[in-house]
Number of protein chains: 2
Amino acid sequence: MKKKQRVSIKDISTELGISITTISFIINKKAKNRISDEVIKKVEDYIKKVGYKPNTSAQTLRTGKTKTIVFMAEDISDPFFSAVAKEMEEIAYKNGYKMIYCSTENDKERASELISLFQDRQVDAFIITPPENFQQEIQELIAQKNEVVMLFDRRYTTTDHSYVILNNFNGAKTAAEKLIASGCLNVAYVGLASDFSCMSERLEGYKDAIKNHQSQPISLLLPFKDVKSKAGRTQFKNLLDQHKNIDGILFATNGLAINGLKGLKELNKKIPDELAVITFDDRDLFELHSPSISVLSQPVPALATELIKGTLQLLKGKNGPNETFQKILPGKLITRDSCNLGVYD
Amino acid sequence: MKKKQRVSIKDISTELGISITTISFIINKKAKNRISDEVIKKVEDYIKKVGYKPNTSAQTLRTGKTKTIVFMAEDISDPFFSAVAKEMEEIAYKNGYKMIYCSTENDKERASELISLFQDRQVDAFIITPPENFQQEIQELIAQKNEVVMLFDRRYTTTDHSYVILNNFNGAKTAAEKLIASGCLNVAYVGLASDFSCMSERLEGYKDAIKNHQSQPISLLLPFKDVKSKAGRTQFKNLLDQHKNIDGILFATNGLAINGLKGLKELNKKIPDELAVITFDDRDLFELHSPSISVLSQPVPALATELIKGTLQLLKGKNGPNETFQKILPGKLITRDSCNLGVYD
DNA sequence: ATGAAAGCGCTAACAT
DNA sequence: ATGTTAGCGCTTTCAT
């Protein structure tokens with residue numbers, strides 16, 4: 001098999017005896033009312049025959065546009081983020097856009113480096129789940145107006161920007177209410193010590209749900225680095241030790257839940273008999289777990305669809321450069337055995 | 001904040017009164033013994049000061065090289081593949097290469113489309129876990145010699161190509177032997193009905209381990225589409241029904257294991273008392289599962305390192321265009337409760 | 001030791 | 001309705 005040689009517009013031009021311009025117009029669908037149908041057909045047929053594909057680098061060099069969207073997730077190997085990524089890619093491709101993924105690892109420095117890297121490569125849009133303490137950088141990125149900027153999963157209330165997020169307040173409230181309805185008298189909240197809007201919103205939702213049911217909220221806020229660590233587990237166990245009356249736990253992320261379940265296993269706590277459990281973000285392991293774990297699941301397809309829809313809309317930019325796209329979507333409570341005390345209902 | 005305007009070589013040239021050529025040489029480290037140290041320093045300082053970054057599209061247009069490697073996994077959201085992807089990206093970036101990811105979903109058509117898509121975008125190398133019945137396409141891709149081609153996880157014994165894979169035979173053998181050593185008298189194998197080399201190698205490893213211990217192998221080979229389906233689970237349950245004496249199972253993939261565990265749960269089978277279990281590919285859920293599941297884990301960092309090392313070596317191409325890179329790495333048995341009968345040892 | 005200039009493939013303003 | 005042409009930023013051959 002021989003090396004395939006790419007066909008260029010120039011090749012088509014010489015072969016068909018038609019000027020480069022005409023061909024370019026036809027390729028870019030700008031031929032209407034300019035070029036004769038006959039020529040259009042001739043060119044289109046030839047293009048199909050030889051399988052011509054425009055050279056992306058040349059297009060980019062000329063237009064300054066790459067038709068590329070970057071998705072900077074906290075961790076692209078996390079099932080939640082990778083599921084969203086997959087859904088988005090599908091839609092992006094259909095609209096002639098490519099997607100690139102990367103992970104910030106919730107690290108400011110790394111996120112800044114990545115942004116600068118992709119700016120060098122002239123991407124058209126950023127979809128970002130910002131790391132902590134990143135508001136300043138996001139603000140600057142938006143102000144430069146070189147790329148469309150869309151935040152995901154987290155937002156800043158003091159900056160005007162585009163975002164797609166879960167209704168965290170309602171989600172946490174629903175989950176906590178479910179624990180209460182299952183008979184829990186003392187529901188604890190295990191969350192992240194973080195400036196993420198989603199985290200404070202979840203905590204508030206929990207507080208709102210329990211405010212008329214128990215004397216005071218019980219919460220443990222772990223630093224990001226301890227989510228999966230033994231140290232985090234120890235803190236969690238201490239919490240249970242200090243509050244012997246805890247009979248329900250709401251975990252704010254699936255990572256916290258996994259580590260928490262490990263801790264409960266180490267303590268030989270029986271779920272749901274001694275302790276009912278609900279966590280944010282569904283994962284296949286939660287269904288398989290003994291007992292199966294109830295979750296407040298995020299609507300992955302809807303989130304992905306809105307993210308891309310919004311980003312593409314902003315890329316078209318019909319409403320000026322200061323347009324924003326903001327969407328808050330409801331989560332869904334999936335009840336499984338971990339909160340089935342059967343006390344009521 | 002104002003729009004950042006990119007600096008070009010021309011800008012530097014006008015600003016410093018030095019020719020474009022000279023500057024290009026300096027940037028590309030081709031200035032040795034050509035340009036005076038004084039000029040080199042002047043240019044380098046200025047570049048650092050203004051933060052000049054070459055325009056990737058122009059470079060690509062000119063050289064035909066993109067410094068980009070594509071990783072086409074079966075499913076990039078699968079924890080195993082995404083872990084490998086993450087490791088590779090790190091090393092690739094350090095060597096000046098970018099990585100792009102995508103999923104074939106084990107679909108021939110889709111894989112072909114993706115290859116053609118990335119050929120249009122002129123990537124420099126493909127790292128591929130081919131879908132089924134894809135040998136022909138891989139052969140053609142290699143023959144074209146436009147890109148470096150490296151296979152991962154699967155190889156073809158009748159085609160000469162580069163690959164990095166697990167030692168599947170030894171892995172399966174070790175796992176099956178462990179089940180036997182744990183006291184199992186009738187070990188079954190649940191695998192994929194597939195032409196993947198890894199699948200036949202695992203089956204052979206299993207057969208080799210049990211050949212002197214039980215009268216005959218017991219195996220169930222499911223089609224890819226039934227790995228996660230209820231139909232697959234039903235077939236699995238039927239197997240157990242037909243062979244009441246099965247007391248050990250080796251699952252060939254983590255997907256099969258997850259579905260199998262669901263099936264065992266539905267049947268109320270006690271692990272490891274009634275049935276010992278080992279599966280390929282570790283996942284966090286296996287450690288958390290009750291009981292925790294023993295696994296034959298793949299050496300993710302080593303696999304990723306070899307993949308990238310090999311690909312970069314081939315990209316340098318010092319040993320001619322027909323050079324290949326082939327590596328088979330050993331897996332590691334992680335013993336947990338699912339095969340702890342404590343009969344021996 | 002340094003520079004001039006061609007050309008990669010494409011788009012679009014400007015002819016005709 | 002169709003064509004000519006400049007130029008995007010860069011690498012590299014060939015002068016000087």
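To find a chain, count down the sequence lines: A is the first, B the second, and so on, and within it residues start at 1. The structure presented is a predicted model; accordingly, all values stated were derived computationally and were not measured.
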Inset, instruction - Select one nucleotide: of C/dC10, D/dG9, D/dA1, the one nearest the side-chain heavy atoms of A/Ser36. - result: D/dA1
Inset, instruction - Go through D/dG9, C/dG3, C/dT11 for me and flag the one nearest to the B/Thr22 side chain. - result: C/dG3
Inset, instruction - Using heavy atoms to find the nearest nucleotide of DNA chain D for B/Phe25 and B/Leu61 separately, return the residue whose nucleotide is more 5′. - result: B/Leu61
Legend entry - Listed nucleotide nearest any side-chain atom of A/Val39, set D/dT2, C/dC10, D/dG3: D/dT2
Legend entry - side chain to side chain contact (heavy atoms under 4.5 Å, CB included), paired with B/Glu74, selected from B/Thr129, B/Ile128, B/Asp107: B/Thr129
Inset, instruction - Look at all strands and tell whether A/Ile20 reaches a base, only sugar-phosphate, or nothing, counting heavy atoms closer than 4.0 Å. - result: base
Inset, instruction - Give the nucleotide from the list C/dC10, C/dG3, D/dC10 with an atom nearest to the side chain of B/Ile18. - result: C/dG3
Inset, instruction - Please check if any side-chain donor atom of B/Thr159 sits under 3.5 Å from a side-chain acceptor atom of B/Gln135, or the reverse. - result: yes
Legend entry - Of B/Asp37 and B/Thr63, the one whose closest DNA chain C nucleotide lies more 5': B/Asp37
Legend entry - DNA chain C: 5'-proximal contact among A/Arg34 and A/Asn28 (nearest heavy atom): A/Asn28
Inset, instruction - Please determine, for the side chain of A/Arg62, which listed nucleotide (D/dC10, D/dA1, C/dG9) has the closest atom? - result: C/dG9
Inset, instruction - For A/Thr21, report the nucleic acid contact type (base, sugar-phosphate, nothing); a contact means any heavy atom under 4.0 Å. - result: base
Legend entry - Ring geometry between B/Phe71 and B/Phe152 (parallel below 30°, tilted from 30 to 60°, perpendicular above 60°): tilted
Legend entry - Over all atoms of both residues, closest heavy-atom pair of B/Thr66 and B/Lys98: O-NZ, 3.4 Å
